[in-house]
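To start, the structure under review is shown below, and the notes come after it.
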Amino acid sequence: MRIGPYDLPNNVFVAPMAGVTDRPFRQLCKRLGAGHAVSEMAASNPQLWHSVKTARRLDHDGESEPVAVQIAGSDPAMMAEAAVFNIGKGARIIDINMGCPAKKVCNVLAGSALLRDEDLVARILDAVVTACTPHGVPVTLKTRTGWNRANRNVLRVARRAQDIGIAALALHGRTREDLYTGTAEYETIAMVKAELDIPIIANGDIRSPEDARHVLEVTGADAVMIGRAAQGRPWLFREIDTYLRTGSHHAPPSPTEIRDLLLEHLDDHYRFYGEFTGVRTARKHIGWYLGALAGGPAFCARMNLIENTREQWQAVADWFDHAIEQAPDRLLAA
């Protein structure tokens, strides 16, 4: 799999997710088999670039190359400026968000709301590609099949994107109206792949190695992109990669490995966010890791009352140690 000048290790990617795909999570997913990961979306508004939240999203210190940063907005000139700003912060691939269905994004005519104005889409893509080309930075696009089921216009958008110079297209097989309900439209992804020459990355409803292989077969896509299914399961990437390469299943993580990966993730998470924000934002990750484990949800309800990182980390470690000592096989049988 190749994006611009970059040969990627495999074709199993991490989807950008707001509040999830921060640097600690991206790095862990890459270490566990993801071939590529895109950052949380960064605002194109210059007034927000120096906020604490945006500064964290632009912190790529120690991240493995190529660093890919997603930008969101609706003003072509501002998006171009944001692309160059992020290149200066270490971005080697710029990704444009035209897929987010969240109201707070669509209400400012960004994300998937842009699909209602194909000419504006083209102006944004052209401005960003033009700004990135002198820096040798490829631009990718993530979008949906349309605004609603009566207006599936992704093929027209995709053709214009390819003509403008977009290097790869990630396509979530749902309309904006669908949000995350229903089933992904793999037939629409297949139609786009059949018409375009640039790499197509299929996204939506990929939860297992078998799902990934099925999606690649029925769509002809060049890669798959995993989002919500990887929350609390960063080892999913190595499982999918192993299955696609060999046809065999990677051994699932043992309770001890899950414990060690979560504690490692928490250590990195606390360093990245600091004490106050770290203990609070870590709760959702702990919940995702433990949600499918026997006794996990009950523990998380108590753990959410802890207000400092040291006690939170120790509570997680103690819970795992006790569960593993008592009945490790039962832990995974929730």
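Residue numbers run from 1 in the order of the sequence given. Worth saying up front: this structure is predicted, and the values here are computed from it rather than measured.
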* Is it true that a side-chain atom of Asn10 and a backbone atom of Ala34 form a donor plus acceptor pair closer than 3.5 Å? -> no

Could you tell me whether the side chain of Gln27 and the main chain of Ser64 form a donor-acceptor pair under 3.5 Å? yes

| message | Applying side chain to side chain donor-acceptor pair (under 3.5 Å) to Tyr180 and Arg174, what does each step give before you reach the verdict? | response | CA-CA 7 Å; Tyr180 297 100; Arg174 286 181 171 85; over 6 Å; no

Exercise. May I ask you to decide if the ring planes of His36 and Phe13 are parallel, tilted or perpendicular, using 30° and 60° as cut-offs?
Key: perpendicular

State whether the side chain of Arg280 and the backbone N or O of Phe276 hold a donor-acceptor pair below 3.5 Å, judged by distance alone.
yes

So CG of Leu261 and CZ of Arg31: to nearest 0.5 Å the spacing works out to 6.0 Å

Would Ile93 end up clustered with Val129 when hydrophobic side chains under 4.5 Å apart are linked, directly or stepwise? no

Check your understanding: Within the distance-only criterion (no hydrogens, no angle test), does the side chain of Arg23 pair as donor or acceptor with the backbone N or O of Asp61 below 3.5 angstrom?
Key -> yes

So that I can tick it off, tell me whether Glu63 and Lys89 are bridged by a salt bridge, with the cut-off set at under 4.0 angstrom between side-chain N and carboxylate O.
no

Any side-chain to backbone donor/acceptor pair from Lys142 onto Leu169? Under 3.5 Å, distance only. no

* Ile201 and Val224: CA distance, side-chain angles, deciding distance, side chain to side chain contact (heavy atoms under 4.5 Å, CB included) verdict -> CA-CA 5 Å; Ile201 305 153; Val224 290; 5.9 Å; no

Separation between CG (Asn153) and CZ (Arg144), nearest 0.5 Å, reads 13.5 Å

Sequence neighbours excluded, the answer for ring pair (Phe, Tyr, Trp, His ring centres under 6.0 Å) partners of His135 is none

side-chain hydrogen bond (donor to acceptor under 3.5 Å, both in side chains) with Lys193: of Thr219, Asp222, Thr188, only one passes, and it is Asp222

Query raised in the report: Just by distance, with hydrogens left out, do Thr309 and Glu275 show a side-chain donor and acceptor under 3.5 Å apart?
Result: yes

Tightest non-hydrogen contact, residues Val128 and Ala83, listed as CG1-CB, 4.0 Å

| query | Would you say the side-chain atoms of Ser39 pair up with the backbone N or O of Gln70, donor to acceptor, closer than 3.5 Å? | reply | yes

Taking every heavy atom of Met79 against every heavy atom of Gly73, the minimum-distance pair comes out as SD-N, 3.3 Å

Could you check Asp321 against Arg259 for side chain to side chain contact (heavy atoms under 4.5 Å, CB included), going step by step and ending with a plain yes or no?
CA-CA 8 Å; Asp321 289 345; Arg259 171 195 182 275; 2.7 Å; yes

For Gln231, the side-chain contact (heavy atoms from CB on, under 4.5 Å) test, sequence neighbours excluded, returns Met17, Val20, Arg228, Trp288

Heavy-atom nearest pair, Gly182 first then Asp205, reads O-OD2, 4.0 Å

Query raised in the report: Can you say whether the rings of His269 and His285 are parallel (under 30°), tilted (30 to 60°) or perpendicular (over 60°)?
Result: perpendicular

Taking it one step at a time, do Asp119 and Arg160 satisfy salt bridge (charged side-chain N to carboxylate O under 4.0 Å, His left out)? CA-CA 10 Å; Asp119 289 337; Arg160 295 182 79 167; 3.1 Å; yes

*Sub-3.5 Å donor-acceptor pair from the side chain of Arg2 to the main-chain atoms of Gly4, do we have one?*
yes

Test side chain to side chain contact (heavy atoms under 4.5 Å, CB included) on Thr175 and Glu185 and set out the steps. CA-CA 9 Å; Thr175 69; Glu185 307 166 32; 3.8 Å; yes

Q | Glu239 side-chain N/O to Pro209 backbone N/O, donor-acceptor pair under 3.5 Å | A | no

Legend entry - Geometric cation-pi criterion Arg271 and Tyr273, 6.0 Å radius, 45° cone: no

- Message: Quiz question: by atom type and distance under 3.5 Å, do the side chains of Asn308 and Gln312 form a donor-acceptor pair?
- Response: no

Of all heavy-atom pairs linking Glu118 and Leu115, the shortest is CG-O, 4.3 Å

Quick one: does any side-chain atom of Asn203 pair with a main-chain N or O of Leu171 as donor and acceptor, under 3.5 Å? no

Checklist entry - Cation-pi between Arg26 and Phe237: NZ/CZ under 6.0 Å from ring centre and within 45° of the ring axis? => result no

In terms of heavy-atom contacts, Cys300 and Gly287 come closest through SG-CA, 3.8 Å

Begin from the C-alpha positions of Arg283 and Glu307 and carry the test salt bridge (charged side-chain N to carboxylate O under 4.0 Å, His left out) through to its verdict. CA-CA 10 Å; Arg283 290 168 183 161; Glu307 294 289 339; 3.7 Å; yes

task: Please confirm whether the backbone N or O of Ala122 pairs with a side-chain atom of Asp126, one donor and one acceptor, at under 3.5 Å?
output: no

Should Asp241 and Arg245 count as an ion pair when the cut-off is N to O under 4.0 Å?
yes

- Query: Just checking, is any N or O donor in the side chain of Tyr6 or Arg92 under 3.5 Å from an acceptor N or O on the other one?
  - Reply: no

To the nearest 0.5 Å, atom CD1 of Ile240 lies from atom CD1 of Ile206 at 7.0 Å

Using the side chain to side chain donor-acceptor pair (under 3.5 Å) rule, take His249 and Glu210 through it: C-alpha gap first, then chi angles, then the decisive distance, then the call. CA-CA 10 Å; His249 286 281; Glu210 290 82 3; 2.9 Å; yes

